[in-house]
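Beneath this line is the structure, given in structure tokens, with notes to follow.
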Number of protein chains: 2
Amino acid sequence: MATSNLKEEVYQELSRVTHALSHPKRLELVDLLSQKAFSVDELSHEINMTVASTSQHLQVLKAARLVTTQREGNFIFYRIADDSVARLVLAVRELGFSRNAEINRIITDFRADKNILETITLDDLLAKSKKEKILLLDVRPEDEYQAGHIEGAVSIPVSQLKKRIGELPKGKTIIAYCRGPLCVMSVEAVKILQAKKYPAVQLEDGYMEWKLKQEELSH
Amino acid sequence: MATSNLKEEVYQELSRVTHALSHPKRLELVDLLSQKAFSVDELSHEINMTVASTSQHLQVLKAARLVTTQREGNFIFYRIADDSVARLVLAVRELGFSRNAEINRIITDFRADKNILETITLDDLLAKSKKEKILLLDVRPEDEYQAGHIEGAVSIPVSQLKKRIGELPKGKTIIAYCRGPLCVMSVEAVKILQAKKYPAVQLEDGYMEWKLKQEELSH
DNA sequence: AATCTATTCTATTATTTTATTGAATAGTAG
DNA sequence: CTACTATTCAATAAAATAATAGAATAGATT
């Protein structure tokens, strides 16, 4: 009787995962939650939607078991269920970046528009740190830095960079990073740094990309 | 002007990929195409849908650049665009298998129903081959074997197994594999083999899982 | 107990997706 | 050229999804 429903039933279940990730805002939510836990209210501002809509999308992610919730006082904090969820979204992004001409056009246009000359990846980072003295700068909001950051990084949120720029040493190349390739905080930071004649470069990857890579290396 | 549309536009594009994979039949199609190229007609039989519906789903996959087409005579053959697509679907499956209780229930029930006692994974395979003499048996249709198979495997499609069972050596443990964990051909094969007193075990993984693992190892 | 706050739920409307059917198309073979 | 085949397209109806606004809820604070 249960002869060949196996495939149907399992694919049905699996499609709940892909379906949950099939909406752009939900992809964005998972990417955000890869950084740290957020309240619904915070998330709604980040993704620029009403609280009610944000909540709806979070329900979908929760029903697919991609995120979990935890109440803390008045707030309900959403967090990613597992690093494997971040890994899946990363795989989607890499597939898109490597194979989708439209995405490449969007990013190329953006870089041209922002006069971004040089960016480096995590793979380049090690090589660069051997050639010259570098300082790794985390420009995300401080609570994200505290929830986890790339080893050796120093925290100055981009919002405070102008007034705290004196804290930075001269004579080192500053590598600024934020949430990842779709986050513009490091773009902003590099612009500020270069205006003050600091040698600064943007790291394409963010904290979660580094973390996932660390885990891979330890296997 | 293009100040902060970057994220929106890219997530929009990325969601085309996840959206294409958000339907159970389309997941199944991609899994099938991981084995070899198929015509629309063949695929429609495999996934048990009308040719028109199958074609529609294939258009969706094609629009998301997950598959490509090539005409050969009267037929149009669909193939997977890239191994990274198979890798993505594998990641979805692994996430589902590891974290979704419902999927585990479905599979446990299925195994109980079929009296399946022992299955092994690719990781177990090497260890087992050192302990005892084994024969790796590919029970998929022969054209799939010819399109690519696990190194050292011998082909006897499950449909021919009963009459060709004499070709198999006695005294070796037979490890039967097919398209992967959701394919029942190896289940069937093991049942036939055990009925004839051959020591036989089912390999959970299939050809594509092996191939992706090989690629990983070579990096 | 009453109030306040963050989140979720409900109802509604507009939009998108899906399966089905039958017609149209592109290319093959006679 | 004609008939044939595999595939795609087009039209339809049913179902699912999404955004919105406002009501309801659960827990914290007073």
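Numbered from 1 within each chain, the chains take letters A, B, ... in sequence-line order. The structure displayed is predicted, hence computed values, not measured ones. The basis for the numbers below is simple: all heavy atoms, side chains too, and nothing from hydrogens, waters or symmetry mates.
At a cut-off of 3.5 Å, with distance as the only test, no side-chain donor of A/S15 or A/T18 sits close to an acceptor on the other residue. There is no side-chain donor-acceptor pair under 3.5 Å between A/T68 and A/K62.
With hydrogens and angles disregarded, no donor-acceptor distance shorter than 3.5 Å links the side chain of B/R79 to the backbone of B/F38.
Put simply, A/H19 has no side-chain N or O that comes within less than 4.0 Å of OP1 or OP2 on D/dA16. When the side-chain nitrogen and oxygen atoms of B/Y78 are compared with OP1 and OP2 of D/dT8, one or more of them lie within a distance under 4.0 Å. Neither OP1 nor OP2 of D/dT17 sits under 4.0 Å from any side-chain N or O of A/H57. When the side-chain nitrogen and oxygen atoms of A/S55 are compared with OP1 and OP2 of C/dT7, none of them lie within a distance under 4.0 Å. For C/dT18, one of the phosphate oxygens OP1 or OP2 lies less than 4.0 angstrom from a side-chain nitrogen or oxygen of B/R26. Residue B/Q59 places none of its side-chain N or O atoms closer than 4.0 Å to OP1 or OP2 of D/dT7.
Positionally, the nearest nucleotide of DNA chain D for B/V40 lies more toward the 5' end than for the other of B/V40 and A/H23.
At whole-Å resolution of the value, NZ in A/K25 and P in D/dA18 are 13 Å apart. Atom CD in A/Q12 sits about 11 Å away from atom P in D/dA16, given to the nearest Å.
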